[in-house]
Amino acid sequence: MTDIMGNGLNMQYSLLLPEILLGLTAFLVVFADLFSAELKIGYRLLPLLTVAGLVAALAASLILADQNSDFAMLVTVDAFTTFFRVLFCAVAIALIIGSHEYIESHVNHPGEFFALLLLSTAGASFMAGARDLLTAYLAVEVLSFSLYIAVSLGRNDPRSGEAALKYVLLGGVASAFLLYGLSFIYGVAGSTQYATIAEALGGDVSAVRGELVLGLVLIVAGLGFKASAVPFHMWTPDAYEGAPIPVTAYLSATSKAATFALLLRWFAGPLLPAINEWQWMIAVLATATMVLGNLVALQQRNIKRLLAYSSIAQVGFMLMALVGMSQITAGGLLVHLGGYLITNLTVFIAVIHFYNRTGKEQISDFKGLAQTNPYLALVMTAGLFSLAGMPLLVGFFTKFILFQSVVEADFLWLVVVAVVASTISLFYYLQVIKQMYLYQPDGDPARWRLTPTGYLTTGVLLAAVVVLGVWGTPLYEVADHAAAALFPA
Amino acid sequence: MFDRLPLPSQFDRTIIAGGTVLLLGATPVLVVLAALLVVDRITAPEFVFFLASAVLLASAAGVVLMKNIVHAALCLVVTLLGVAAIYLLLLTEFLALVQVLVYGGGVVILLLFGLMMTNAQDDPVVTDGSQKPFAFGVAALIAGVFIAMALDAQWGSPEAAIIPLPDFGARLFRDFSLPVVIVAVLLDIAFTGAFVNARRADAASAARGEARS
Amino acid sequence: MIPLENFLVLSALLFAFGLFGVLSRRSAILILMSVELMLAAVAINFIAFASYRDTEAFSGLVFALFVITVAAAEVGLALGIVLRLFRERRTANVDEASSLKW
Amino acid sequence: MGMQFGMEQVWVLPAIPAVLFVVLALLNPLIPRRGDFLAALGMATVVALVFVVMKDYASVFHGGEFAPEGKNAFSFDWVNIGQGFFTIQFSTFVDGITMVMLPVVTIVATMVIVYSIGYMHGEVRYGWYFAVLCLFVSAMLTLVVAGNLIQLYLAWEGVGLASYLLIGFYWERQSAAEAAKKAFITTRIGDVGLLIGIILLWRATGTFDIQGIIEAAKNHEIGEKYLTVSMLFLFMGAVGKSAQFPLHVWLPDAMEGPTPVSALIHAATMVVAGVYLVARFSPVYAEVLVARDVILYTGLITAVMAASMGLVSSDIKRVLAYSTVSQLGFMFVALGSGAVTAAMFHLFTHAFFKALLFLGSGSVIHATHKQEVESLGGLHRKMPFTAAVFSIGSLALAGIPIFAGFWSKDEILHETLNEAPIAVYVILAGTAMLTAIYTTRLVLLTFFGAPRDHHAFDHAHESPIIMNAPLAILAVLATVSGFFVFDQVGKALGFPGGIGANVFLEHAHHFTEPDYAFASVATLMSLMGIGIGYAYWHGDAKRAVAARGWAPDLHALLVNRYYMDNLYQGIINRVILGAGSLIAWFDKKVVNETGVDGGAQTVSYLGYRLKFLQTGRIPNYAFGMALGVLVLAIVAIGNA
């Protein structure tokens with residue numbers, strides 16, 4: 001089939017098998033939930049079905065790993081897409097297994113919730129795979145819409161609605177910024193195809209430089225919102241605090257990673273020729289984000305809010321990698337994303353299980369956890385230390401590779417800021433660890449145990465945090481392979 | 001069109017008042033433009049453009065400035081119709097049609113319902129936030145920057161082209177078939193969102209609990 | 001013929017009006033309306049660029065159509081959330097929905 | 001067997017305690033006696049292996065084949081990624097500096113672990129204590145044999161972690177928890193510098209390999225300013241870890257940990273990691289004299305400040321802690337004068353006598369449960385053995401001839417006189433005298449004179465043999481280890497010569513007999529210090545009262561110590577103690593509270609101010625976004 005310009009279109013739907021599977025599972029889950037009374041289906045089937053769909057999608061992604069082609073010039077399936085498809089499916093699987101008890105008791109409409117999770121995963125992988133601005137934009141909105149709703153699903157929690165309102169209104173403004181920016185890029189380049197835009201921007205654009213620059217500023221602002229870069233980050237702490245904890249985890253994991261996938265696709269692809277126009281913007285944003293995220297985190301009392309600021313700080317580190325865009329920094333960013341996702345999920349699933357047991361989420365509520373559940377305290381400690389970048393945990397390895405790649409790109413001053421900021425982060429992570437180990441429990445001092453799935457997920461993630469921290473080469477190789485797809489020789 | 005809606009009686013007066021204001025506001029513009037047209041300083045399409053722009057911007061200002069939110073909502077209708085006129089000037093009848101149908105027929109009604117169900121029924125007059133002066137400054141500066149850059153850019157005076165509707169259909173449903181599917185899913189998500197939030201959550205959960213137990 | 005710049009200036013003004021509304025209004029629904037203004041500006045831009053600069057492939061037209069669709073969907077979604085908040089707190093005033101802070 | 005153990009297999013040394021750590025930490029409840037004997041036996045094995053390695057080192061020398069690349073013993077690619085983007089090897093490197101560090105670390109660790117079996121008896125988390133000690137030893141040995149900077153950095157953080165865990169060992173006690181956190185964060189500030197230094201060096205040379213970097217620096221492949229900055233960052237790591245001014249504040253607080261831990265980590269081994277690091281890079285520091293001067297004066301300030309604070313502190317362990325900081329300052333002065341050998345030698349002897357002093361003070365605390373010297377006194381009657389060995393340690397610290405500290409301190413002073421401005425020598429010699437004064441004060445107040453707290457005194461008793469045996473061994477080492485400076489002694493043991501000849505085989509520093517004139521001056525200074533200390537702090541009231549009866553005038557003269565005492569007192573009170581108190585006040589208020597805590601508070605305060613940006617209101621948030629766009633747009637357009 002050819003398109004209106006005469007380009008051949010490859011309409012091979014099997015390339016989109018993972019996303020198709022995710023979509024079908026989503027509808028299946030909604031139906032199962034809708035007719036749960038008639039079909040005598042218990043709650044337990046919903047997470048099972050969801051995980052099954054995710055596993056199938058993950059398998060499909062792996063099967064398609066060696067495909068190197070595109071669907072109708074809209075979606076690319078290459079190593080980069082596969083990296084993120086696998087990552088997103090794995091995150092969702094871990095999250096659902098780790099938090100299905102929480103979802104059952106603290107989330108409204110679990111059926112819709114699982115469906116949204118599946119659809120947003122599909123949206124996220126389209127963000128990584130898109131090769132046309134239109135696909136990319138719609139993927140962004142699929143992910144965002146799902147998350148707006150997911151944030152609002154907290155049961156009996158008045159904060160949930162407020163968080164969702166903030167997220168959706170500001171998200172609308174950010175979308176408008178992003179779209180306005182895209183319209184300028186489209187105007188300058190005359191196309192929405194990444195490849196054509198790269199070609200156009202590579203030529204002489206001095207006649208319309210002003211419009212190009214405005215487009216870039218607006219794109220940076222719009223995606224800065226999605227990635228929570230300062231000063232577009234302000235929704236983050238509120239939405240994180242108000243959302244159900246698995247949604248917070250999902251916001252800080254998949255949503256963030258997908259935004260960076262998109263940023264990498266754009267800044268390493270269509271927008272790369274204009275690097276001199278946007279490089280400094282990202283550098284400024286990265287610095288502001290690292291500094292503000294870490295400083296304000298020091299003052300937090302709520303664990304979700306603390307993790308929100310911690311994730312903002314992490315975004316600052318990741319933005320650094322975009323500044324000196326090259327295959328090496330892209331690889332560094334992907335490594336760090338992988339390590340960050342694993343670590344962050346570890347901490348969040350630990351927090352979810354803590355909440356399941358206690359119903360509390362202030363940092364001071366973690367008092368004496370080392371006595372009431374030493375295992376969970378250990379998991380939290382390892383996770384937080386890994387976030388702080390302590391050696392022999394995955395956080396150190398990935399952060400080191402990231403910093404190293406930024407140094408390689410001659411942005412030493414950014415790395416100096418990052419290392420100092422990273423030290424500040426130790427203060428607030430230690431605050432939590434201190435609560436767990438140094439104080440007597442406030443309430444019931446009796447020991448308690450996790451559920452089997454709690455042990456399973458935290459155990460696997462903890463093992464990954466430690467093993468990849470000591471032997472991170474495989475992670476790097478995968479990431480490097482994916483990054484290579486961004487920069488065809 | 002509005003008399004079918006279950007609106008409070010003040011709406012009749014509102015529509016009349018709003019229409020009158022708009023007419024009064026548009027008359028001088030109309031006169032100046034007509035004069036310019038007559039002395040051949042502007043062409044007919046330009047005449048329409050400036051007229052539509054004047055109405056559109058005036059009513060957009062109404063959307064963001066009016067104290068009475070019902071008036072603001074009605075201004076939005078006018079703005080969006082003005083935008084449809086601009087689409088027509090850009091030779092895209094289909095999108096103009098979509099604009100009128102989707103916005104005039106759907107979105108604005110939805111927004112009006114939202115207004116009715118929240119504060120409008122008690123008190124249609126709202127106060128604005130305290131950062132209004134700063135907001136004006138920032139918005140004005142941003143407008144200034146954008147306009148300066150738009151005027152600064154050299155586009156090489158291209159001509160607008162008519163896009164035939166069949167071509168547009170082929171483009172939409174063949175070349176961009178995947179986005180159409182994605183947007184269908186997106187609408188579905190939005191529907192779900194509206195549904196789960198508008199429905200009383202506790203009632204829904206209770207119903208579910210009873211069905212299970 | 002109307003030059004392209006005219007449409008760009010118009011859309012810039014409309015965008016700024018919308019932005020002003022977002023920044024100055026306190027009713028969630030009025031903020032939503034202002035966002036609609038911004039999105040209308042986006043659509044004008046896309047269509048203008050498509051008719052003037054991309055007459056062969058006119059992707060911008062399709063883009064604008066999707067922008068209109070997504071904007072409509074967003075209104076529905078956001079209204080649901082506003083209604084829920086109104087039910088919980090008897091207000092649609094965003095300044096009063098500020099218990100989450102610091 | 002088949003395989004001969006030697007320098008090639010030096011990786012086994014850290015591996016043994018690492019395995020012990022895992023075993024002890026995981027299987028603790030299953031092992032009889034919580035595994036204390038396993039730790040002791042394991043460490044004894046490591047000591048034996050260290051001697052084998054040293055033997056191998058000596059024999060290689062005798063073979064005459066010691067090409068520098070031959071010292072890189074064992075390596076495999078730990079991380080090798082990105083088509084040469086970078087490689088991190090796990091490699092070991094053995095040379096004379098390693099040969100000094102290995103016996104110090106392993107012997108002191110063994111002594112401390114054996115001593116702990118007695119000292120920690122019946123304490124909470126007994127097994128965990130030994131596990132963490134093993135973790136520490138493993139990390140420290142990794143640090144010492146590290147062939148590249150990444151490995152070194154990991155081990156560096158590893159010892160920091162173990163130190164954190166051990167300072168906070170009694171974490172139920174708020175002060176211990178706070179001290180642990182303070183130590184962790186203060187040293188991390190230094191670590192930031194170290195990491196930046198490592199990254200800078202990698203940037204310039206493309207390698208993490210220590211010898212590769214040294215070669216590159218020596219061949220002037222790195223710009224001088226760049227190299228200076230990198231080396232200063234590297235030194236920042238040393239400042240944090242070795243508790244040098246102004247990051248020294250954590251070490252006195254670190255005394256919250258169990259006393260054997262203070263002996264091992266905060267006196268003999270971990271705190272000298274900074275000295276080791278600078279010594280390891282001494283060929284590079286020789287190229288950047290500015291950086292070397294910074295080291296010299298940092299060391300000097302630290303030595304003087306800490307010694308004068310030791311003079312007024314009344315906690316037995318804190319006095320020793322200040323003393324440690326001060327002695328580390330001596331080592332850095334030596335390094336800053338380019339006298340690496342002297343620094344390593346002092347590191348070597350100091351480890352033994354300071355460990356002895358800490359373990360001795362541990363025995364006192366164990367017996368009396370008191371740490372305030374004001375409430376001790378007269379303990380030599382109850383604890384004669386402890387008093388004897390403690391005195392030996394003190395004599396070594398004060399720098400009295402034949403004891404180990406004399407030889408090494410003398411070396412440092414000698415080198416300083418030759419290599420540094422004369423003022424540095426004068427100040428350092430004065431500090432040495434100050435050392436003798438506070439040491440004497442400590443010994444007198446603790447072991448002599450009348451007991452001030454009778455309850456504590458009555459319950460005091462000599463420690464069990466398991467604690468005294470390590471003390472005896474360390475006392476012997478504190479006496480004889482100084483003799484290793486002589487080439488004759490080294491040769492008799494099968495080495496190419498004394499420590500001076502071993503540290504740098506290429507540029508051996510031979511030492512066959514002391515410079516008697518110089519040594520006499522130093523000895524005299526030390527003796528004067530002891531004299532002043534004795535005159536000021538000796539004796540008790542009873543003897544003076546009894547003497548007063550038969551010759552009041554003479555007594556008046558005697559009790560007033562020929563009225564010289566008044567003079568001394570005036571001088572000491574007004575000048576030395578005053579200065580000491582002033583410095584202690586400065587340290588507490590300015591450095592500690594304003595500088596270190598103040599820095600933390602400033603950061604925290606900034607966070608406090610900034611958090612109010614988060615008003616919770618949607619229009620404000622949108623305003624922030626719009627402002628961001630506006631600023632970016634204006635700058636971008638002006639940026640043409």
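Every chain is numbered from 1, with letters handed out A, B, ... down the list of sequences. Remember, predicted model here, so these are calculated numbers, not experimental data.
Among the candidates A/D3, A/I149, A/T2, A/V188, the residue making the largest number of heavy-atom pairs closer than 4.5 Å to chain B is A/D3. Put simply, of B/S177, B/G156, B/G193, B/A148, the one with the most heavy-atom pairs under 4.5 Å next to chain A is B/G193. Listed options A/L153, A/L134, A/L9 were ranked by heavy-atom pairs under 4.5 angstrom with chain B; first place goes to A/L134.
Under 3.5 Å, the side chains of A/S146 and A/S120 contain no donor-acceptor pair of N or O atoms. Side-chain atoms of A/T76 and A/D70 form no donor-acceptor pair, as typed in the model, at a separation below 3.5 Å. Side chains of A/S255 and A/K226: a donor-acceptor N/O pair is absent below 3.5 angstrom, by distance only.
Of all non-hydrogen atoms in A/A130 and A/Y194, the two that sit nearest each other are O-CE1, 2.9 Å.
Taking the side chain as every heavy atom from C-beta outward, B/F50 and B/V32 never approach each other to under 4.5 Å. Considering only heavy atoms from C-beta on, A/S125 comes within 4.5 Å of A/R85 through its side chain. Using a 4.5 Å heavy-atom threshold, the side chains of B/T92 and B/F168 count as separate. Contact annotation: the side chain of B/Y87 never approaches that of B/F94 to less than 4.5 Å [non-hydrogen atoms, C-beta and beyond]. Using a 4.5 Å heavy-atom threshold, the side chains of A/V247 and A/P244 count as touching.
If you measure heavy-atom distances from B/A150 to chain A, the contacts under 4.5 Å come from both the backbone and the side chain. Contacts between A/V75 and chain B at a heavy-atom distance below 4.5 Å involve the side chain alone, from C-beta outward. Neither the backbone nor the side chain of A/S206 comes within contact range of chain B; no heavy atom of the residue lies under 4.5 Å from a heavy atom of that chain. Using a 4.5 Å cut-off between heavy atoms, A/M73 does not touch chain B at all. Neither the backbone nor the side chain of A/Y137 comes within less than 4.5 Å of any heavy atom of chain B. Heavy atoms closer than 4.5 Å to chain B are found in the side chain of A/D132, but not in its backbone.
In this structure, the separation between CE on A/M11 and OH on A/Y13 is 4.5 Å, given to the nearest 0.5 Å. For the atom pair B/I42 CD1 and B/L51 CG, the distance stands at 9.5 Å (nearest 0.5 Å).
With hydrogens and angles ignored, the 3.5 Å screen pairs a side-chain donor or acceptor of A/S191 with a backbone N or O of A/Q193. In terms of modelled atom types and a separation under 3.5 Å, the side chain of B/E46 and the main chain of B/T43 share a donor-acceptor contact.
Ring geometry for B/F195 against B/F191 counts as parallel: the plane angle stays under 30°, on a 0 to 90° scale with 60° as the upper cut.
Residues of residues 160-187 of chain A that come closer than 4.5 Å to chain B, counting heavy atoms only, are A/Y180, A/F184, A/G187, ordered by residue number. Interface residues of residues 15-26 of chain A toward chain B, defined by a heavy-atom distance below 4.5 Å and sorted by number: A/L16.
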